[in-house]
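What follows is a short report on a single structure.
Keep in mind that this is a model prediction, so the values were computed, not measured. Just so you know, residue 1 is the first one in the sequence shown, and it goes up from there.
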Amino acid sequence: MSSNVPIAHGDITAPTPQNTPLTHAPIAAGLSRPTVPDISEDNEPAEDESEDPAQITGAQAAMLGLVQGRLADLVGKSSGYIESLPIDVKKSVEALKGVQVKQNELQNQYKRECLELEKKYLELQQPLYERRNAIISGAAQATAEEIEAGSQASLKDDPLYTPLPSDEGAPAAIPEFWLTALRNHVGLSEIITERDASALKNLTDIRLSYLPSDSPKPGFKISFIFSPNDFFENDVLDKTYLYQEEVGYTGDFVYDHAIGTEIKWKEEKDLTKEFEIKKQRNKNTNRTRLVRKARPTDSFFNFFSPPVPPENEGEDMDDEDLVELEEKLEMDYQIGEDLKEKIIPRAIDYFTGKALEYDVMDEDEDDFDELDDEDEDGQFDDEV
């Protein structure tokens, strides 16, 4: 059972000399996570003692609600420390804010220049991307030099690798290259359905471009190039991500919103919907008829209809709806960032599966919290 958390009654002030931090202390985690008591002679319960799990849960829930409510009341409130400072000290505080404004301006300029540098090197990489596309499509023949360089890279990764003959062969297209690469991405593999795969087999290239420097907002565009197919009329499906004009508090660009291409689905080929036949009966004539109804379904192509953040921060939304929207936005932005930073520049690594090793490593690191040398009970873990 979780240890009791002392709650002071009466007026509560922030624990810091300035304002209460906007992030809540991790009390909820301690209260909601069941723990196993120490097994010792001193605290062994008597044989006739028993605890009602429902009562324990109710007590914890009540305490959690009380603590969270009091913390919520404290967020952003001043403890009075700043207000109590002498006027000259207050002026020094204001001066530091002025210095910070200039630092923020320089950080904003720095990020803008970094973005221009990304654009510059993307232009330098364009011939390599074109060459890659030519080999994938079978429009060009791989050279002996390219084959040899690839074999050396494979030997570096795997000393037991058997190099291929480096002589030039006939042009040979790589089937389903981009579908395979996308499916080897941890996040995208979860949203690509079997129905989607039939359409994505026609995906011939994925390209990255940046918005012009004179655009109202900075950002980038990812273009999915398709060959003629049985599902939609579009040759290109674009997804554009826009940043806010100024960098965020952490010094990085902040996503503003995303825009997707409207897909022109062919008749009865919309992969974002499922169709079902329902029987309806006329109340007056008692005759029946069959009605075909569509309902939304999971699909990779929902990626081109991104979630829309609320226009106003004060817009009324249920807590559950707001959490769901935030999760969708976070996932949408993460996929866009991974396409830009990982999949497009390292497409061959995702096709072969090599990138999975690094993606899984990153995921594993996120799954674990750092611990002190000793656990909560002052005991070292048995396993290393």
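- Other residues, nucleotides and ligands contribute only 12 or fewer heavy atoms inside 6.0 Å of the OH atom of Y110.
- Counting all heavy atoms, side chain and backbone alike, S137 lies closest to A173 at O-CB, 3.4 Å.
- Nearest heavy-atom pair, E190 versus V186, reported as atom, atom and distance to 0.1 Å: CG-O, 3.6 Å.
- Contact record, A347 with W178: CB-CH2, 3.5 Å, taken as the closest heavy-atom pair.
- To the nearest 0.5 angstrom, E105 atom CD is 8.5 Å from E246 atom CD.
- Within 6.0 Å of CD on E320 lie no more than 12 heavy atoms contributed by other residues, nucleotides or ligands.
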**Request:** Take V254 and Y249 through the side chain to side chain contact (heavy atoms under 4.5 Å, CB included) test and state the conclusion after the steps.
**Result:** CA-CA 9 Å; V254 178; Y249 189 81; over 6 Å; no
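- Rounding to the nearest 0.5 angstrom, the gap separating the CG atom in N202 from the CG atom in D235 is 11.5 Å.
- Two residues are said to be in side-chain contact when any heavy atoms from C-beta on lie closer than 4.5 Å; F304 and F224 meet this criterion.
- You'll find the ring centres of F301 and F232 inside the 6.0 Å limit.
- Using a cutoff of 4.0 Å between basic side-chain nitrogens and carboxylate oxygens, K91 and E94 are not scored as salt-bridged.
- The hydrophobic clustering, which links ILVMFWY residues whose side-chain heavy atoms are closer than 4.5 Å, places L329 and L339 together.
- Side-chain contact annotation: K119 with S209, donor-acceptor N/O pair under 3.5 Å absent.
- For the residue pair Q152 / E148, a side-chain donor-acceptor distance below 3.5 Å is found, with atom types taken as modelled.
- For the pair I174 and F351, the minimum side-chain heavy-atom distance is below 4.5 Å.
- Under 4.0 Å is where a charged nitrogen must lie from a carboxylate oxygen, and between D157 and K354 at least one such pair does.
- A donor-acceptor pair under 3.5 Å links the side-chain atoms of N184 to the main chain of Y350, judged by distance alone.
- Expressed to the nearest 0.5 Å, how far CG of D270 lies from OG of S299 amounts to 8.0 Å.
- Closest of all the heavy-atom pairs between I135 and E146 is CD1-OE1, 3.8 Å.
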**Message:** salt bridge (Lys or Arg N to Asp or Glu O under 4.0 Å), that's the test. Do E274 and R295 meet it? Break it down for me.
**Reply:** CA-CA 5 Å; E274 283 186 344; R295 59 183 177 85; 3.0 Å; yes
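- Around the CG atom of D256, the shell of radius 6.0 Å holds more than 12 heavy atoms that belong to other residues, nucleotides or ligands.
- Between D332 and Y241 there is a side-chain heavy-atom pair separated by less than 4.5 Å.
- Within 6.0 Å of the CG atom in D319, the count of heavy atoms belonging to other residues, nucleotides or ligands does not exceed 12.
- Residues V236 and L211 do not share a hydrophobic cluster, defined by chaining ILVMFWY side chains whose heavy atoms lie under 4.5 Å apart.
- Relative to the ring axis of F253, K111 does not place its NZ or CZ within 45° and under 6.0 Å from the centre.
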**Request:** In sequence, state the C-alpha distance, the side-chain angles, and the governing distance for E324 and K328, and then conclude on salt bridge (Lys or Arg N to Asp or Glu O under 4.0 Å).
**Result:** CA-CA 6 Å; E324 182 181 357; K328 288 181 178 179; 3.4 Å; yes
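- One finds the CD1 atom of I225 at 9.0 Å from the CG atom of N133 (value rounded to the nearest 0.5 Å).
- In this structure the side chain of D238 never reaches within 4.5 angstrom of the side chain of I222, judged on heavy atoms.
- Geometric assessment of K221 against the ring of Y210 yields a negative cation-pi assignment under the 6.0 Å and 45° thresholds.
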**Prompt:** Checking side chain to side chain contact (heavy atoms under 4.5 Å, CB included) for the pair L200/F300: CA distance, chi angles, key distance, verdict?
**Reply:** CA-CA 9 Å; L200 290 172; F300 165 81; 3.8 Å; yes
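- Annotation for G251 and Q107: closest pair O-NE2, 2.9 Å, computed over non-hydrogen atoms.
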**Prompt:** So Q244 and Y255, side chain to side chain donor-acceptor pair (under 3.5 Å) or not? Walk me through it.
**Reply:** CA-CA 6 Å; Q244 294 181 10; Y255 281 106; over 6 Å; no
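- A salt bridge links K340 with E118: the closest approach of a Lys/Arg side-chain nitrogen to an acidic carboxylate oxygen falls below 4.0 angstrom.
- Two residues are said to be in side-chain contact when any heavy atoms from C-beta on lie closer than 4.5 Å; D158 and L155 fail this criterion.
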**Full working for side chain to side chain contact (heavy atoms under 4.5 Å, CB included) between F231 and L271** = CA-CA 8 Å; F231 296 91; L271 297 174; 3.9 Å; yes
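- At least one donor-acceptor pair closer than 3.5 Å links the side chain of N234 to the backbone N or O of E262.
- Looking at heavy atoms from C-beta onward, I335 lies in side-chain contact with L188 at the 4.5 angstrom threshold.
- Side-chain contact check for D196 and T193: at least one donor-acceptor pair (N or O, by modelled atom type) lies under 3.5 Å.
- By the 4.5 Å heavy-atom criterion applied to side chains, I263 and L237 are counted as neighbours.
- For the residue pair E245 and R112, the shortest heavy atom distance occurs at O-NH2, 3.4 Å.
- The closest side-chain donor-acceptor pair between Q109 and E113 falls under 3.5 angstrom.
- With salt bridges taken as basic N to acidic carboxylate O contacts below 4.0 Å, none links D349 and K342.
- Enclosure of atom NZ in K273 is not indicated, since only 12 or fewer non-hydrogen atoms of other residues, nucleotides or ligands lie within 6.0 angstrom.
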**Request:** Before giving the answer on salt bridge (Lys or Arg N to Asp or Glu O under 4.0 Å), spell out for E145 and R131 the whole-Å C-alpha distance, their side-chain angles and the decisive distance to 0.1 Å.
**Result:** CA-CA 14 Å; E145 181 183 1; R131 178 62 182 166; over 6 Å; no
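- Between L128 and R132 there is no side-chain heavy-atom pair separated by less than 4.5 Å.
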**Request:** Test side chain to side chain contact (heavy atoms under 4.5 Å, CB included) on L325 and V308 and set out the steps.
**Result:** CA-CA 8 Å; L325 176 60; V308 180; over 6 Å; no
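- Atom CD of E330 has 12 or fewer heavy atoms from other residues, nucleotides or ligands within 6.0 Å.
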